[in-house]
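Just below is one structure, and these are the notes that go with it.
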Amino acid sequence: MDGPDYTHAHELARSVARLNRRLRQERLSDLTPSQLAVLGTVCTMGPATPSAVAARERVQPPTLTRTLNSLAEAGLVVREPHPDDGRQVLVSMSQLGETTLERERDRRDEWLAGQLAALPVPQRALLGEAADLLHRIADA
């Protein structure tokens, strides 16, 4: 498959991957990118079942279980019995998890804000619009 759309797709994927790598370099903690992603999802979802978090992250439940185990051992998430289903648990953020995630996001956002500040206003506006489009693509 060739053509302008394919070329744009390739360049966009490459650029997103490079930016993602650069943002990961701004991390302060020893958490892996997967652990940070799951922590962010738990924060966004609020108390949720591991299967709901796995579906949102688009990972297999056993993979998510390993990640949640490591986050729980580090004290970043807590597991509590599900109030309506004794076979289930709910995962939620601990105070340490909230603090850790906030610190990681602040560091990343500070670096990115500095990069954006160096751009002309029209380019910053364009990137804001692109962020909305990228969200839609990622959620498709």
Please give me the minimum heavy-atom distance between [X] and [Y], naming the atom from each residue.
| X | Y | answer |
| --- | --- | --- |
| S70 | Q35 | OG-NE2, 2.9 Å |
| T65 | R79 | O-NH2, 4.0 Å |
| S29 | E104 | N-OE2, 2.6 Å |

First locate atom OG of S92, then atom CD of E98, and finally report the distance between them rounded to the nearest 0.5 Å.
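Interatomic distance, S92 OG to E98 CD, rounded to 0.5 Å: 8.5 Å.
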Going from CZ on R58 to OG1 on T63, what distance comes out if it is rounded to the nearest 0.5 angstrom?
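That separation rounds to 15.5 Å.
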Each residue besides V16 in its hydrophobic cluster should be listed here, by chain and number; the cluster joins Ile, Leu, Val, Met, Phe, Trp and Tyr at side-chain heavy-atom distances under 4.5 Å.
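Reading the cluster by chain and number, V16 sits alongside L12, L134.
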Given a cutoff of under 4.5 Å between side-chain heavy atoms of I, L, V, M, F, W and Y, with clusters grown through shared members, what are the other residues clustered with L68?
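Hydrophobic cluster check, L68: joined to L31, L36, V38, L39, V42, M45, V53, V59, L64, L71, L76, V77, V91, M93, L96, L101.
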How would you list all residue pairs meeting side-chain hydrogen bond (donor to acceptor under 3.5 Å, both in side chains) that involve residues 123-140, not counting sequence neighbours?
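Those involving residues 123-140 do not exist here.
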With sequence neighbours left out, write down each residue that passes side chain to side chain contact (heavy atoms under 4.5 Å, CB included) with L23, or none if nothing qualifies.
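Once residues adjacent in sequence are excluded, the partners of L23 under the side chain to side chain contact (heavy atoms under 4.5 Å, CB included) criterion are L19, R108, W111, L112.
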Can you list the residues that meet the side chain to side chain contact (heavy atoms under 4.5 Å, CB included) rule with R87, with sequence neighbours excluded?
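Scan of R87 (side chain to side chain contact (heavy atoms under 4.5 Å, CB included), adjacent residues dropped) gives D85.
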Enclosure of E11 CD (heavy-atom neighbours >12, cutoff 6.0 Å):
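Result for CD/E11: enclosed.
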Neighbour count above 12 (heavy atom, 6.0 Å) for Q60 CD
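No - once you tally the heavy atoms of other residues, nucleotides and ligands closer than 6.0 Å, there are 12 at most.
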Main chain of L90, side chain of T49: is a donor-acceptor contact present, judged purely on distance under 3.5 Å?
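Flag not set: sc T49 to bb L90 has no pair under 3.5 Å.
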Heavy-atom distance under 4.5 Å between the side chains of P81 and V89, does that happen here?
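No, too far: nothing below the 4.5 Å cut-off.
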For residues 20-41, which residue pairs pass the salt bridge (Lys or Arg N to Asp or Glu O under 4.0 Å) check, not counting sequence neighbours?
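Residue pairs with at least one partner in residues 20-41: R22-E26, E26-R107.
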